[in-house]
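Inspection log for the structure reproduced underneath, given as structure tokens.
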Amino acid sequence: MPELPDVETFRRYFEAASLFQQVTEVMIKETRILSEVTAQDLEIRLIGHQFESAQRRGKYLFTRLENQSWVVFHFGMTGSLQYFRDVEGEPAYTRFRIGFAQGNSLAYINVRKLGLITFTERLEDFIQMKNLGPDALEMSPEEFRKRLIDRRGSAKSILMDQSFLSGIGNIYSDEILFQAGIHPEQEVKQLDGKMISTLYNAMKEVLETAIEVRADTDRLPKTYIIPHRKKGGVCPKCGNTLIQERIGGRTGYYCPEHQRG
DNA sequence: CTAGATGTTAAGGT
DNA sequence: CACCTTAACATCTA
């Protein structure tokens, strides 16, 4: 689930109900998700404080406290956020939760525990430490082109490279390439200027569209490939059976008709 | 029962 | 150095 559009949806969700309220409770139910911070440490950093804003870069969510420090969330493959009120309302697989003075709580849910929560005084340090490239929605067409031309490798693996540009994963890279009409194994150094802008535009369009529907794949346009990404799935534009192939270590899907090498 | 699943990282190879 | 592949992590579902 959590690629850029999902995390942007979480960011808005967080901002809608977690700001300007005292944190009264911090419960870490699974210490494995903590990174470079102890449960006690995080508790001390949070209790009695309040959030003032939330930012996103790629697939990371950064929530800022009134003292300008940050709690960082990454959702791995199965993470999400959910508010709830009563103890009985706590969602299954809640690994971490924050209780607010008004009585509502925020749950960080993650079945597979492949995510992280940490704390940082300075965002720039964290971003540098993770070697995170610019956010996919913040990058200008010029920068995209400039950074792309001295790269080698397949289009799909480069879109998914978080140090090249952050926010795109396996699912959305398939969609972007499908909408751009580019084969996932297309060598990027072979792309001409026109194809590079087509790719850039598809990237923007797909990510923005997905954010508009709050990353709910059921509400994506009928011409999107995402709901068809499964064995035997067909192209929503021409009905051809999609090709399933391992690319860049992940299973990708593409249409042999619309995405020629 | 087994394989594979939205991510990141480390390790080894080319 | 840039890139590729594989494995590992934990858990569920097809």
Side-chain angles (χ1 to χ4, degrees), chain A residues 1-11 28-36 56-61 72-81 91-96 108-118 126-133 135-136 146-178 184-191 203 206-207 210-211 213-220 224-233 242-254:
Chain A
M1 197 206 206
E3 296 184 31
L4 187 152
D6 310 273
V7 180
E8 176 60 21
T9 304
F10 297 153
R11 189 191 70 76
I28 293 111
K29 308 183 67 176
E30 175 56 66
T31 51
R32 154 171 262 288
I33 59 162
L34 294 183
S35 167
E36 323 231 308
R56 182 190 55 71
R57 171 133 166 181
K59 305 173 189 172
Y60 285 90
L61 176 64
V72 181
F73 297 86
H74 190 282
F75 299 91
M77 296 207 239
T78 56
S80 62
L81 295 180
Y93 306 108
T94 294
R95 309 301 186 185
F96 171 76
Y108 169 89
I109 304 161
N110 201 330
V111 173
R112 287 175 64 184
K113 303 180 185 173
L114 302 181
L116 79 81
I117 293 175
T118 190
F126 180 84
I127 287 165
Q128 192 161 38
M129 194 250 297
K130 292 291 181 185
N131 191 20
L132 267 192
D135 184 81
K146 207 158 60 175
R147 288 171 62 94
L148 201 61
I149 49 176
D150 43 35
R151 291 287 306 246
R152 292 177 286 142
S154 71
K156 182 171 171 69
S157 40
I158 282 168
L159 282 179
M160 290 193 299
D161 181 346
Q162 305 300 300
S163 64
F164 169 66
L165 145 163
S166 59
I168 297 169
N170 194 27
I171 304 262
Y172 283 96
S173 61
D174 275 0
E175 189 65 63
I176 290 163
L177 292 165
F178 177 65
E185 285 175 297
Q186 170 72 48
E187 279 290 327
V188 291
K189 66 175 171 203
Q190 316 270 28
L191 290 174
M203 173 176 84
V206 165
L207 296 176
I211 289 170
V213 300
R214 292 186 211 157
D216 177 351
T217 53
D218 292 337
R219 293 167 60 208
L220 289 172
Y224 272 36
I225 200 176
I226 287 177
H228 306 274
R229 294 180 79 264
K230 54 192 158 198
K231 237 192 187 78
L242 300 178
I243 310 275
Q244 181 200 47
E245 205 173 299
R246 204 144 178 92
I247 302 159
R250 314 303 300 274
T251 304
Y253 292 81
Y254 64 94

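So that the names make sense, note that chain A is the first sequence line, chain B the second, and so on, each numbered from 1. Just so it is clear, the structure is predicted and the values come from calculations on it, not from any experiment.
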In this structure, how many angstroms lie between the P atom of dG7(B) and the CZ atom of F73(A), rounded? 19 Å

Once the angle between the rings of F10(A) and F75(A) is folded into 0 to 90°, is it parallel (under 30°), tilted (30 to 60°) or perpendicular (over 60°)? tilted

On the nucleotide dC12(C), are OP1 or OP2 found under 4.0 Å from the side-chain N or O atoms that Y93(A) carries? yes

It should be established whether H74(A) places a side-chain nitrogen or oxygen under 4.0 Å from OP1 or OP2 of nucleotide dT8(B). yes

So, is K130(A) near the phosphate of dT9(B), with a side-chain N or O under 4.0 Å from OP1 or OP2? yes

CE on M77(A) to CG on L114(A), rounded to 0.5 Å: 5.5 Å

Any chance you could measure K130(A), atom NZ, to L116(A), atom CG, to the nearest 0.5 Å? 5.5 Å

Pairwise side-chain contact, N110(A) with F73(A), heavy-atom cut-off 4.5 Å (strictly under): no

Between dA5(B), dA10(C), dT8(B), which nucleotide has the shortest distance from any of its atoms to the side chain of R246(A)? dA5(B)

Please report, rounded to the nearest Å, how far the C1' atom of dC4(C) is from the CG atom of D161(A). 12 Å

Pick the P atom in dT8(B) and in dC1(C), then give their distance to the nearest Å. 23 Å

Checking contacts here: which listed nucleotide (dT11(C), dG7(B), dC3(C)) is nearest the side-chain heavy atoms of R152(A)? dC3(C)

Within the structure shown, what part of the strands sits under 4.0 Å from L114(A) by heavy-atom distance: base, sugar-phosphate, or nothing? base

If only side-chain N and O atoms of K113(A) are considered, is one of them under 4.0 Å from the OP1 or OP2 phosphate oxygen of dT11(C)? yes

Heavy-atom pair with the smallest gap, counting every atom of R147(A) and G133(A): NH2-CA, 4.5 Å

Nearest-Å distance for atom pair CD1/C1', residues I109(A) and dA10(C): 17 Å

To the nearest angstrom, the CD-C1' distance between Q244(A) and dA5(B) comes to 12 Å

Check this one for me: any side-chain N or O of R112(A) less than 4.0 Å away from OP1 or OP2 of dG7(B)? no

CD (E187(A)) with more than 12 external heavy atoms under 6.0 Å: yes

What contact category does S163(A) fall into here, base, sugar-phosphate, or nothing, at under 4.0 angstrom with non-hydrogen atoms? nothing

Taking CG from N131(A) and P from dA10(B), how many angstroms apart are they, rounded to a whole number? 11 Å

Looking only at side-chain N and O atoms, does K59(A) come under 4.0 Å of OP1 or OP2 in dT8(B)? yes

R250(A) CZ - dA7(C) P separation (whole Å): 15 Å

At less than 4.0 Å, is any side-chain N or O atom of T251(A) found next to OP1 or OP2 of dA5(B)? Yes or no. yes

Separation of dT9(B) atom C1' from R32(A) atom CZ, nearest Å, is 12 Å

Once you round it to whole Å, what is the distance between C1' of dA10(C) and CG of L34(A)? 16 Å

Taking only N and O in the side chain of R151(A), is any of them less than 4.0 Å away from OP1 or OP2 of dC3(C)? yes

Sort out the partner of dC3(C) for me: Watson-Crick or G-U wobble, both distances under 3.5 Å, none otherwise. dG13(B)

